[in-house]
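Some notes on the structure that comes next.
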Amino acid sequence: MPMDFQILDADYEIVDSSPVIRLFGRGADGKSVCCFVPDFEPYFYLKASGDLHAVARLIKDTFEQVKKVEIVEKFEPVGYQKTKIEMLRITTGLPRDVPEIRDEVLKIQNVLRAEGDWQVYESDILFRNRFLIDRDLGGMVWISADGKSVDPVRYLKAGSGGSSRCEKFACDASILGSELKRIENLTIAPLKYFSFDIECLPLDGGMPSPDVSPIVMISFSFEPEYKGHKTLILLAKPADGMNGDVLPCKDETEMLNRFFEIFCEYDPDIVAGYNHQDFDIPYITDRVKALTAKGEVINPVVGRDGSHIGYRRFGLITRTEVKGRVVVDALPLVRRAFSLKQYTLRAVSKELLNREKLDVPPLEMEEHWNDSGKKFLKFVDYARRDAELALELILDLRLLDKYIALAQVSGSLLQEIVDGGQTSMVETLLLREFGLRDRVILPKPGDELSAERYDMSSDLKGGEVLEPKKGLLENVLILDYKSLYPTIMMAHNLCYTTVVTRDRPGGETIKPPSGGEFVPPEVYRGIVPSILEDLLNQRGETKKRMRRTSDENEYRVLDATQLAIKILLNSFYGYSGYARARLYSLTLANAVTSFGRSNILNTRDLINSDIGKIVLRDSAALLLDEAGELSSQYRIVELSVAYGDTDSVFVHCRSQGDLSLEEVSLIGNRISKIVSASLPDPMELEFEAIAKRAVLIAKKRYALWLFEPRNSGWEDKIKVKGMETVRRDWCELTSITLNSVLELVLKEGDVDRAVEHVRKVVSDVRNLDPRKDTDIIEKLVLTRTLTRKTESYKNKQPHLTVAENLKKRTGVMPSIGTRIPFVIVAGKGLFVDRAEDPDYVREHNVPIDVDYYVKKQILPPVERILEVFGVNVSSLDFDSKQKGLFDFEAKKPEVKKQEKEKVSAQQKSKGTVQEEKVQCSEIGRVEQRSLFDF
DNA sequence: TGAAGCACCTAA
DNA sequence: TAAGTTAGGTGCTTCA
């Protein structure tokens with residue numbers, strides 16, 4: 001009977017001195033499966049010169065690992081080629097033979113004194129990936145495997161000389177697959193998830209070290225439950241009167257053995273945790289080693305094939321692998337998915353789950369552990385909560401959905417996708433498609449070549465950013481190009497395989513503004529453009545199915561799929577300019593961006609000049625007809641591009657009197673149609689939304705009051721880009737204040753109230769009582785990422801100061817990549833030297849530098865906006881010297897109120913925003929005058 | 001006093 | 001066995 005399952009992981013094992021692929025997965029029936037697939041052989045390609053038959057014979061005779069050398073016809077990786085050339089396909093006995101002999105075969109060239117350049121191809125593809133690519137399988141794909149069931153331990157031992165790794169096998173079922181078929185299934189297998197978290201007893205509250213600091217507790221959280229338990233806590237000591245989910249053990253060794261037993265017995269597909277990739281897993285591994293060295297007996301099996309817990313460190317990065325399962329660390333996933341000020345489990349749980357982490361400070365852990373009453377129970381609950389939170393982050397926030405979809409669409413294994421970036425996905429897709437088109441792919445470049453390319457990359461130019469019409473605008477259309485770079489590549493057949501390098505095609509070529517030449521699709525349809533086209537079609541299809549389905553789960557899977565496809569579509573351009581890519585082409589990357597730049601410039605000119613004006617008549621938008629006479633029932637709308645960045649254009653619509661949202665959207669649709677019609681397929685300018693009001697401050701900095709069509713009505717929201725509200729290196733008070741100002745200015749059109757609000761905030765801060773207002777410190781915290789080692793900084797940095805203080809006080813230096821919170825405290829000297837840890841400031845009542853917050857955090861961003869409205873910004877702050885002039889402040893509200901009433905009356909009578917500008921500047925002056933009068 | 005350079009973060 | 005890309009604003013410090 002064939003067995004259906006979803007592929008979670010793949011690797012190989014040697015049986016009878018031949019490699020056997022192992023596919024690990026979870027079946028629709030809930031059973032974990034291992035499927036053995038023999039008879040797949042490792043190979044790579046060699047481009048050689050001279051008599052290939054002779055070369056082939058020599059290679060076969062020289063290397064005993066080589067099983068077969070064939071002559072095949074292939075295209076080289078880069079450049080348009082009229083014909084294939086002959087290459088050697090070298091098959092070896094074992095996967096590890098490939099890296100071993102790939103350098104050796106190149107030396108044959110010297111032996112033969114052959115001319116030309118020899119080159120190996122596809123010599124560094126992991127064997128499991130080679131298999132998945134060649135068999136059209138991939139991560140999280142459903143397959144139906146036919147074959148007979150086998151005893152995995154006996155099977156692996158047969159003739160392999162006894163692999164020590166297969167004493168124990170943790171799958172529910174194993175089969176020897178004879179036929180594998182990919183099947184369509186829109187569900188996700190009933191995966192088993194668990195998370196775990198360890199608690200160690202550190203010496204003097206510092207960092208625990210696995211040599212000396214014991215692990216005292218391990219907490220689990222399960223989904224679905226394990227033997228009726230949602231959570232489980234293992235203790236490294238005996239204890240009485242514990243809950244059913246607390247398992248006291250004799251000692252640490254027994255606890256660790258229980259941990260591994262539960263690991264295998266539960267048999268999770270997803271091994272979750274928070275920072276466990278960098279901390280818990282390496283710690284357990286090292287601790288087991290330390291205890292074993294002392295003579296303790298621990299059997300640390302975690303893999304589905306009986307393999308042990310372990311990790312590897314590459315520089316700063318730790319990689320852990322658990323055979324047959326997927327290790328998912330919530331920390332990097334949360335980092336990628338959400339822009340937060342801090343990524344401690346505490347901050348993340350609060351922000352995203354609205355749940356509190358419990359806490360036991362490191363210095364008190366020993367006390368809590370040795371207690372037998374409440375404190376001990378608190379410690380247990382603390383451990384339990386940490387495990388729960390890690391799993392909740394992944395499940396409640398559905399963090400894995402996107403990655404599962406990316407695995408399915410790209411064909412890479414889930415673990416690679418969760419761990420890595422876009423590279424592995426793009427390469428998997430390229431390898432598959434190149435293979436089908438008889439084209440080989442280069443190995444990954446070494447450090448030298450990468451460095452060389454990195455230097456060249458400085459002449460890769462990017463997108464075009466149009467100078468914004470700074471200030472306040474009404475009725476702005478937001479349009480953007482749908483998937484600009486991918487559609488450019490499709491429209492112009494831009495590809496590694498179409499760029500003219502050696503062979504010249506007969507007819508015309510495509511010439512991008514950046515230079516270079518590409519053959520048209522009739523001559524050779526580029527591989528990347530066809531991959532993109534395929535992805536684009538898949539995405540359209542997926543979206544169609546989303547509209548059809550009523551099943552909630554299916555909808556979610558489909559939504560994740562279309563999002564994954566979008567990510568993949570946008571990954572190819574970046575990859576082509578990436579110095580460590582297998583296929584790197586500056587000509588290609590530059591062609592894409594240069595078409596992009598000329599496209600947005602053409603669009604601007606088309607809208608400004610060719611369209612220029614649009615005539616609104618009845619309910620239809622028409623182009624202004626030169627000959628046509630216009631009666632009073634027509635309205636002319638003048639169009640001009642107010643801003644644009646890479647793939648977007650903001651079009652300002654001006655006409656006499658108000659324009660309704662419906663009228664503006666008619667214009668938007670019209671522009672979209674006209675511009676799209678002038679472009680090659682599948683490029684398309686899409687009408688996205690209307691900004692009733694827009695404040696453009698600078699390139700990449702603006703705020704919009706947006707209206708988007710939503711089921712037969714309009715939905716409005718404020719969208720802020722690039723300004724301090726969305727930047728994490730400004731304090732919360734800045735973003736709150738700025739948001740209020742933007743809201744008042746954009747939605748209410750009430751600059752006056754915005755000014756008043758700012759004054760209030762400023763005076764609140766100036767009058768801050770640090771002893772009483774400790775909670776406001778929270779709003780004054782700035783954060784910045786520690787991006788490098790101390791010695792690599794050329795200049796002092798505030799967060800570096802704080803990180804070093806932390807190191808002095810606790811002995812622990814925050815690791816690279818950590819966001820460091822800090823506040824600026826009062827005193828003399830440089831800003832960088834006055835940065836301090838907020839906790840320290842709270843505990844020690846250190847005074848805050850109020851003047852800094854007013855002058856450097858609140859005012860500059862607010863001024864940049866209010867200046868646009870002609871507000872005299874010097875009236876916003878009462879300088880610290882004037883703070884003593886209490887009378888003035890007391891009088892202020894009266895003056896304000898009068899002015900405000902006057903203004904709002906005027907506003908009502910005139911109404912448009914243009915006039916407000918004048919009125920507002922008057923307010924500014926009035927205040928200014930009263931200041932002097934006083 | 002203002003330009004130059006570093007550092008960070010964001011837009012696309 | 002680390003890593004998609006460039007464009008651009010702003011603040012702080014140093015130095016001519």
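Predicted, not measured: the structure shown is a model, and the values here were computed from it. All heavy atoms count here, side chains included; hydrogens, waters and symmetry mates do not. In the text below, chain A, chain B and the rest are named by the order of the sequence lines, each starting its count at 1.
- Nucleic acid contact class of A/Ser576 (heavy atoms, under 4.0 Å, all strands): none.
- In summary, contact between chain A and DNA chain C, defined as any nucleotide atom under 4.0 Å from a heavy atom of the protein, begins and ends at C/dT1 to C/dT13 in the 5' to 3' direction.
- In this structure, A/Gly462 reaches the sugar-phosphate backbone alone: every heavy-atom distance under 4.0 Å involves primed, P, OP1 or OP2 atoms, never a base.
- Nucleic acid contact class of A/Tyr578 (heavy atoms, under 4.0 Å, all strands): base.
- Each salt bridge (charged side-chain N to carboxylate O under 4.0 Å, His left out) pair with one or both residues in residues 406-426 of chain A, not counting sequence neighbours, appears once here: A/Arg128-A/Glu416, A/Arg319-A/Asp419.
- Nucleic acid contact for A/Lys856: sugar-phosphate only, since backbone atoms but no base atoms lie under 4.0 Å from a heavy atom of the residue.
- Around CZ of A/Arg788, the count of heavy atoms belonging to other residues, nucleotides or ligands within 6.0 Å exceeds 12.
- Remark: A/Lys699 engages A/Glu467 in a salt bridge (Lys or Arg N to Asp or Glu O under 4.0 Å) (not counting sequence neighbours).
- Note on A/Tyr584: nothing from the nucleic acid sits closer than 4.0 angstrom, heavy atoms only.
- Residues that satisfy the side chain to side chain contact (heavy atoms under 4.5 Å, CB included) test with A/Glu433, not counting sequence neighbours, are A/Leu436, A/Ile527, A/Ile531.
- A salt bridge between A/Lys796 and A/Asp833 is present, with a side-chain N of the basic residue lying under 4.0 Å from a carboxylate O of the acidic one.
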Exercise answer: donor-acceptor pairs, residues 721-732 of chain A side-chain atoms, under 3.5 Å, sequence neighbours excluded:
unit_1   : atom_1 : unit_2   : atom_2 : d
A/Glu724 : OE2    : A/Arg701 : NH1    : 3.0
A/Glu724 : OE2    : A/Arg864 : NH2    : 2.6
A/Arg727 : NE     : A/Asp729 : OD1    : 3.2
A/Arg727 : NH2    : A/Asp729 : OD2    : 3.1
A/Arg728 : NE     : A/Ser339 : OG     : 3.3
A/Arg728 : NH1    : A/Leu340 : O      : 3.0
A/Arg728 : NH1    : A/Tyr343 : OH     : 3.2

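- Counting non-hydrogen atoms under 4.0 angstrom, A/Ser571 reaches nothing in the nucleic acid.
- Partners of A/Ser514 under the side chain to side chain contact (heavy atoms under 4.5 Å, CB included) rule, at least two apart in sequence or in another chain, are A/Pro512, A/Asn590, A/Ala591, A/Ser594.
- The salt bridge (Lys or Arg N to Asp or Glu O under 4.0 Å) check on A/Lys700 picks up A/Asp645, with sequence neighbours excluded.
- Remark: A/Phe131 engages A/Phe40 in a ring pair (Phe, Tyr, Trp, His ring centres under 6.0 Å) (not counting sequence neighbours).
- Taking every heavy atom of residues 789-804 of chain A and every atom of DNA chain B, pairs under 4.0 Å involve A/Tyr793, A/Lys794, A/Asn795, A/Gln797, A/His799, by number.
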Could you run down the sub-3.5 Å N/O contacts of the protein with nucleotides 10-12 of chain B?
unit_1 : atom_1 : unit_2   : atom_2 : d
B/dT10 : OP1    : A/Val726 : O      : 3.2
B/dT10 : OP1    : A/Arg728 : N      : 3.1
B/dT10 : OP1    : A/Arg728 : NE     : 3.0
B/dT10 : OP2    : A/Arg728 : NE     : 3.4
B/dT10 : OP2    : A/Arg728 : NH2    : 2.7
B/dA11 : OP1    : A/Gly722 : N      : 2.8
B/dA11 : N3     : A/Lys700 : NZ     : 3.1
B/dA12 : OP1    : A/Tyr702 : OH     : 2.6
B/dA12 : O3'    : A/Asp645 : O      : 3.4
B/dA12 : O3'    : A/Asp647 : OD1    : 2.0
B/dA12 : O3'    : A/Asp647 : OD2    : 3.2

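- Using a 4.0 Å heavy-atom criterion, one finds that A/Val426 contacts no nucleic acid atom at all.
- In terms of the salt bridge (Lys or Arg N to Asp or Glu O under 4.0 Å) criterion, A/Arg453 has no residue partners (sequence neighbours excluded).
- In this structure, A/Thr593 reaches neither bases nor backbone, as no heavy-atom distance under 4.0 Å exists between it and the strands shown.
- Using a 4.0 Å heavy-atom criterion, one finds that A/Arg788 contacts the sugar-phosphate atoms exclusively.
- Across all strands, A/Leu830 comes closer than 4.0 Å only to sugar-phosphate atoms, never to a base (heavy-atom distances).
- Partners of A/Asp124 by salt bridge (Lys or Arg N to Asp or Glu O under 4.0 Å), not counting sequence neighbours, listed by chain and number: A/Arg582.
- Using cut-offs of 30° and 60° for the angle between ring planes, the A/Tyr702 and A/Phe650 rings count as perpendicular.
- In this entry the distance linking CH2 of A/Trp730 with P of B/dC9 reads 13 Å, nearest Å.
- Nucleic acid contact class of A/Gly421 (heavy atoms, under 4.0 Å, all strands): sugar-phosphate only.
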